[in-house]
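Notes follow once the structure below has been shown.
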2 protein chains.
Amino acid sequence: MAADKREHILAVAEKLFGDKGFDGTSVRDIAQHANVNLAMISYYFGSKEKLLEALLEQRANYTILEALNKDESLTPWEKIDKVIDFYVDKIMNNLCIHNIMQQANRSSTPGIKELTTKIKLRNFEQIKKIVLDGQKKKLFRKVDIEMTVGTVMGTISQVTLARHFYNVLFNIEDGNDEAYRKKMGPKLKSHLKQLLHAHLDIKNEE
Amino acid sequence: MAADKREHILAVAEKLFGDKGFDGTSVRDIAQHANVNLAMISYYFGSKEKLLEALLEQRANYTILEALNKDESLTPWEKIDKVIDFYVDKIMNNLCIHNIMQQANRSSTPGIKELTTKIKLRNFEQIKKIVLDGQKKKLFRKVDIEMTVGTVMGTISQVTLARHFYNVLFNIEDGNDEAYRKKMGPKLKSHLKQLLHAHLDIKNEE
DNA sequence: ATAATTTAATTAAACGTTTGTTTAATTCAA
DNA sequence: TTGAATTAAACAAACGTTTAATTAAATTAT
């Protein structure tokens, strides 16, 4: 069936782009790993670049944050914790696509650059709302919001990007996605929560 | 002269690898931008991979941290601030090589992978020492050291890797290195100091 | 329902470039 | 005059993409 094959190609491309980068992955690589004729990729997607665009557009449906922000029953503190849980899970379960997005900023076509920036901006705005709300309610102190969000995103990115470094640090087998998730996911969550609580708490205002 | 030419090729390669990635940069690209015959790159370095290795080995002389750590006159708090200043300056003034190191983890030869990991491990150990010392002196509270260092490295990396994102956020012209340094450097420093002070201060122990 | 016809999916082969690297000849400096 | 530096040209391999032919599926007509 056609739709299944398309999806399969996308899944294979995600893995390969994530592991070896866009430029480091050839169309023949993808075709071979997907057990698909080379020409099928041009047939379905038009080109290698378009394949990447299709991949990003399909995988970047970060709509849960908006929903979370509309939930009036949650306090800003609860929202912060939920955002961390959501983000860490999301990225730890999509290591490849996250790596692709981080790398997509260089070289690639302006369209892809703008697409990834748009996604990041949308997420940033949602977290910003939470922090502003917490400040209005006199729970959070004054902080540099842009940099605070950068710390959350950056800490998580660090764990997915410098993966080999953490494999060595924690004796995790290279390439074992499941073991990495299990070890680093909980570590990331509790660290980020503790960090943001100390950072944002109005009691720590200087 | 020979040594100068070698250095010039390294400088050009650094810029191009940093901008377009290792796989996205061709040997002909480098030769052309360096105004050097194509064959000179093989002649001087042996291969494209070896050129990258030479680049990393030359640029990764992070010895200042060790010196800083031996300075007994500084308190742990002062050391933290100095490490942040040092790191931010270092990376903001070497945006390209930092991007290269972040990307070098995928695809590339095991030798390069190990080299970048070794550098990161060395830096990690130095910061770890400072934190442990602060804890021994009852100034810092108990924290997850691996993740804390990850936050520092990750926040800085985020600012260099997601550069286009911050260009949009702060209305900085794309590609203007100097403007980026001037805007983001101070922001990074003051944010990280405030963040770590709240995070590490034993008074914020829960 | 079956045959005819049209559309979609799939293939192997070839296209022209670009890739990293090497060669063999030449120029330069010691 | 010897060895290093530099060059233009060529190398084979890999690249993304296209072509033209074939098979499978869907649609229409009988």
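Each chain gets a letter, A, B and so on, in the order its sequence line appears, and its residues count up from 1. In what follows, every heavy atom counts, from backbone to side chain, and hydrogens, waters and symmetry copies are set aside.
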Side-chain atoms of S47(B) come closest, of dT21(C), dT17(D), dT23(C), to dT21(C)

Is D201(B) salt-bridged to R141(B), cutoff N-O under 4.0 Å?
no

Would you classify L38(B) as touching base, sugar-phosphate or nothing, given that sugar-phosphate means primed atoms plus P, OP1 and OP2, and contacts are heavy atoms under 4.0 Å?
base

For atom CG of L51(B) and atom P of dG20(C), their distance in whole Å
11 Å

Please state how far atom CG in N35(B) lies from atom C1' in dA8(D), giving the value in whole angstrom units.
16 Å

I need the CZ-P distance between F45(A) and dG16(D), as an integer number of Å.
15 Å

Assert: residue with more 5' nearest nucleotide on DNA chain D, out of K48(A) and A39(B), is A39(B)

Check this one for me: any side-chain N or O of K5(A) less than 4.0 Å away from OP1 or OP2 of dT10(C)?
yes

Starting at atom CG of D29(A), determine the distance to atom P of dA13(D), rounded to an integer number of angstrom.
18 Å

Just N and O in the side chain of N37(A): are any of them under 4.0 Å from OP1 or OP2 of dA9(C)?
no

Rounding to an integer number of Å, can you tell me how far F22(B) CZ sits from dT19(C) C1'?
12 Å

Closest-nucleotide ordering on DNA chain C, the 5'-leading residue of Y43(A) and R28(A)
Y43(A)

Distance (rounded to the nearest 0.5 Å) between E125(B) CD and K120(B) NZ:
15.0 Å

From CD of Q32(B) over to P of dG20(C), roughly how many Å is that when rounded to an integer?
13 Å

Rounded to whole Å, the OH-C1' distance (Y44(A) to dT18(D)) equals 18 Å

Set of residues satisfying ring pair (Phe, Tyr, Trp, His ring centres under 6.0 Å) with respect to F140(A), sequence neighbours excluded:
W77(A)

Nearest whole angstrom, please: distance from the P of dT19(C) to the CD1 of I30(B).
11 Å

Verify whether one side chain among H191(B) and T151(A) offers a donor that lies under 3.5 Å from an acceptor in the other.
yes

Can you tell which of dT21(C), dT11(C), dG16(D) lies closest to the side chain of M40(A)?
dT11(C)

Any base atoms under 4.0 Å from S26(A), or only sugar-phosphate, or nothing? Heavy atoms, all strands.
sugar-phosphate

Under the ring pair (Phe, Tyr, Trp, His ring centres under 6.0 Å) rule, collect the residues that match up with H164(B), sequence neighbours excluded.
none

